[in-house]
Novice: 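Here it is, the structure in full.
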Amino acid sequence: MPARIDLEQRRKDVVEAAFRLLVAEGFSGLSLRKVAAESGLNIGSVRHYFGDHRELLVAAATEVGDRMGRRLTRNSPDALSGLEGEAAVDALQALVEELLPLDDERRVESIVLTEFIVAARVNPLFRPVTEQMAADLRQVIANALRVLEVPDPAEEAERLVALMGGLTLDAVTPHGSLGAERLRKTLRAHLRSLPLRRPRGSA
């Protein structure tokens with residue numbers, strides 16, 4: 001048992017090192033040799049935990065998807081049931097913000113995910129993982145909007161997911177360098193434009 005736990009921890013350490021290199025250097029920095037140095041291991045040890053470069057990349061892509069998935073479970077769409085007006089907007093914003101780069105941890109995850117999404121354009125290795133993450137995200141958002149009784153939740157989810165992608169890209173690249181406050185305001189404006197159920201008695 002101790003050996004298995006150590007193996008799992010070492011694999012996590014190597015993936016964390018890969019994340020740091022992706023943030024600092026992009027895919028050009030993700031050689032096994034650089035990952036080994038960053039994780040404080042020799043390259044032979046890294047190859048013990050990950051058979052080759054391909055296996056490490058798939059593990060890193062899968063890990064960022066798993067982390068974001070765990071974030072989403074903190075705000076279950078079912079918890080939105082019965083909410084109206086600003087309370088509904090607050091809860092929906094909390095759900096969406098779990099996946100936006102609003103602190104260091106989420107920023108790292110967003111950068112890593114963006115690197116894999118861009119890489120998937122020309123490298124089919126990453127497409128199954130990134131396509132599954134996109135499908136899962138659309139489903140979660142659509143379910144949340146359905147609970148809030150938004151008409152045509154699937155179509156509204158497409159718009160919201162597109163906004164999330166644009167906000168993330170602007171926040172983590174020189175394309176926009178969007179700050180957290182502006183990101184939140186932009187998201188809030190969109191959520192308030194959704195046809196959410198109004199509180200009883202409101203005009």
Side-chain angles (χ1 to χ4, degrees), residues 1-75 95-140 161 164-180 183:
M1 180 66 74
R4 186 179 68 83
I5 294 173
D6 181 66
L7 173 62
E8 292 173 355
Q9 186 58 52
R10 283 296 178 91
R11 285 176 61 90
K12 289 179 181 178
D13 292 343
V14 173
V15 170
E16 287 289 346
F19 280 12
R20 292 193 296 273
L21 287 168
L22 277 169
V23 172
E25 302 181 31
F27 263 86
S28 63
L30 213 59
S31 69
L32 283 182
R33 191 169 301 280
K34 285 189 174 182
V35 170
E38 179 67 24
S39 60
L41 300 171
N42 59 53
I43 194 167
S45 294
V46 171
R47 286 200 175 104
H48 175 70
Y49 303 120
F50 299 95
D52 55 24
H53 188 243
R54 175 190 178 100
E55 186 179 336
L56 172 59
L57 291 175
V58 171
T62 302
E63 175 62 18
V64 75
D66 289 347
R67 289 186 186 188
M68 290 183 154
R70 289 193 293 270
R71 285 188 177 283
L72 283 177
T73 63
R74 297 177 186 176
N75 294 272
L95 172 67
V96 173
E97 285 188 2
E98 289 289 359
L99 301 185
L100 295 178
L102 291 166
D103 57 25
D104 290 342
E105 187 176 356
R106 283 175 286 180
R107 181 177 177 81
V108 167
E109 292 170 0
S110 295
I111 292 172
V112 171
L113 177 59
T114 299
E115 290 288 335
F116 280 115
I117 290 172
V118 172
R121 186 182 69 83
V122 295
N123 191 334
L125 175 65
F126 308 120
R127 287 177 193 163
V129 176
T130 56
E131 287 173 357
Q132 187 61 55
M133 282 191 281
D136 290 346
L137 174 60
R138 285 177 170 83
Q139 188 62 54
V140 168
V161 169
M164 292 169 66
L167 291 174
T168 297
L169 192 64
D170 265 15
V172 303
T173 70
H175 177 265
S177 298
L178 195 65
L183 188 155

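Numbering starts at 1 and runs along the sequence shown.
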Novice: Do you know the tightest heavy-atom contact between V64 and L113?
Specialist: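 Closest heavy-atom pair between V64 and L113: CG2-N, 4.3 Å.
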Novice: At their closest point, which heavy atom of I111 faces which heavy atom of L22, and how far apart are they?
Specialist: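 Smallest interatomic distance, heavy atoms only, reads CG2-O, 4.5 Å.
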Novice: Are any side-chain N or O atoms of T173 and backbone N or O atoms of D170, one a donor and one an acceptor, separated by less than 3.5 Å?
Specialist: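 No, because the side chain of T173 does not come within donor-acceptor range (under 3.5 Å) of the backbone of D170.
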Novice: For R54, is the CZ atom crowded, meaning more than 12 foreign heavy atoms sit under 6.0 Å from it?
Specialist: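 Counting neighbours around CZ of R54, 12 or fewer heavy atoms of other residues, nucleotides or ligands fall under 6.0 Å, so no.
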Novice: Test of understanding: with side chain to side chain donor-acceptor pair (under 3.5 Å), list the residues that count as partners of D66, not counting sequence neighbours.
Specialist: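 Partners of D66 by the side chain to side chain donor-acceptor pair (under 3.5 Å) criterion come out as none, since no residue qualifies.
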Novice: Go through it in stages, so that I can follow the logic: the residues are E25 and K34, the test is side chain to side chain contact (heavy atoms under 4.5 Å, CB included), and I'd like the CA-CA distance, side-chain angles, deciding distance and then a yes or no.
Specialist: CA-CA 11 Å; E25 302 181 31; K34 285 189 174 182; 2.9 Å; yes
Novice: Could you check if a side-chain atom of M68 sits within less than 4.5 angstrom of a side-chain atom of S110, using non-hydrogen atoms only?
Specialist: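 They are in contact (side-chain heavy atoms under 4.5 Å apart), so the answer is yes.
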Novice: Using only atom types and a distance under 3.5 Å, with no angle test, would you say the side chain of T168 pairs donor to acceptor with the backbone of G165?
Specialist: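 No; judged by distance alone, with no hydrogens or angles, the pair does not exist.
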Novice: With rounding to the nearest 0.5 angstrom, report the CD to CG distance, E97 to L167.
Specialist: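 The distance works out to 10.5 Å.
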Novice: Can you measure from CD (E55) to CG (L125) and round to the nearest 0.5 angstrom?
Specialist: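 The CD atom of E55 sits 11.0 Å away from the CG atom of L125.
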Novice: Run the side chain to side chain contact (heavy atoms under 4.5 Å, CB included) test on V35 and F50 for me, step by step, so that the C-alpha distance in whole Å, both residues' side-chain angles and the decisive distance to 0.1 Å come before the verdict.
Specialist: CA-CA 11 Å; V35 170; F50 299 95; over 6 Å; no
Novice: Report the distance from atom CZ of R70 to atom CD of E98, rounding to the nearest 0.5 Å.
Specialist: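 Going from the CZ atom of R70 to the CD atom of E98 covers 12.5 Å.
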Novice: Can you tell me how far NZ of K12 sits from CZ of F19, rounded to the nearest 0.5 angstrom?
Specialist: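 Between F19 CZ and K12 NZ, I get 12.0 Å after rounding to 0.5 Å.
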Novice: Is the backbone N or O of L32 less than 3.5 Å from a side-chain atom of R47, with the two atoms forming a donor-acceptor pair by type?
Specialist: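 A pair under 3.5 Å: no.
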Novice: If we check side chain to side chain contact (heavy atoms under 4.5 Å, CB included) with E38, which of these qualifies: L21, L30, D13?
Specialist: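 That would be L21; it is the only one of L21, L30, D13 passing the side chain to side chain contact (heavy atoms under 4.5 Å, CB included) with E38.
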Novice: Going from CG on N42 to CZ on R33, what distance comes out if it is rounded to the nearest 0.5 angstrom?
Specialist: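 It comes to 10.0 Å.
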Novice: As a quick check of understanding, evaluate side chain to side chain contact (heavy atoms under 4.5 Å, CB included) for L137 and M164, giving each step before the final call.
Specialist: CA-CA 11 Å; L137 174 60; M164 292 169 66; 4.0 Å; yes
Novice: Atom CD in E109, atom CG in L100: separation rounded to 0.5 Å?
Specialist: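 That separation rounds to 11.5 Å.
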Novice: If the threshold is 4.0 Å, N to carboxylate O, is there a salt bridge linking D103 and R106?
Specialist: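 A salt bridge is present here (some side-chain N lies under 4.0 Å from a carboxylate O).
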Novice: Is the CG atom of D52 crowded by more than 12 outside heavy atoms at less than 6.0 Å?
Specialist: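 Correct, the count exceeds 12.
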Novice: Which atoms form the tightest heavy-atom contact between A60 and F116, and what is the distance?
Specialist: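 So the minimum-distance heavy-atom pair works out to CB-CZ, 3.8 Å.
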Novice: May I ask you to say whether E63 pairs ionically with R67, meaning some side-chain N is under 4.0 Å from a carboxylate O?
Specialist: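 The answer is yes: the pair qualifies as a salt bridge.
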Novice: Under a 3.5 Å distance rule, please check whether R71 uses its side chain to pair with a backbone N or O of L99 as donor and acceptor.
Specialist: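 No; judged by distance alone, with no hydrogens or angles, the pair does not exist.
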Novice: Determine whether a donor-acceptor pair (N or O, by modelled atom type, separation under 3.5 Å) exists between the side chain of R127 and the backbone of A120.
Specialist: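 Answer holds: yes.
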Novice: Please verify the inter-ring angle class for F27 with F126; under 30° counts as parallel, over 60° as perpendicular, anything in between as tilted.
Specialist: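 It falls in the tilted class, 30° to 60°.
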Novice: Looking at R74, I want to see if its CZ is surrounded by more than 12 non-hydrogen atoms of other residues, nucleotides or ligands under 6.0 Å.
Specialist: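 Above 12, so yes.
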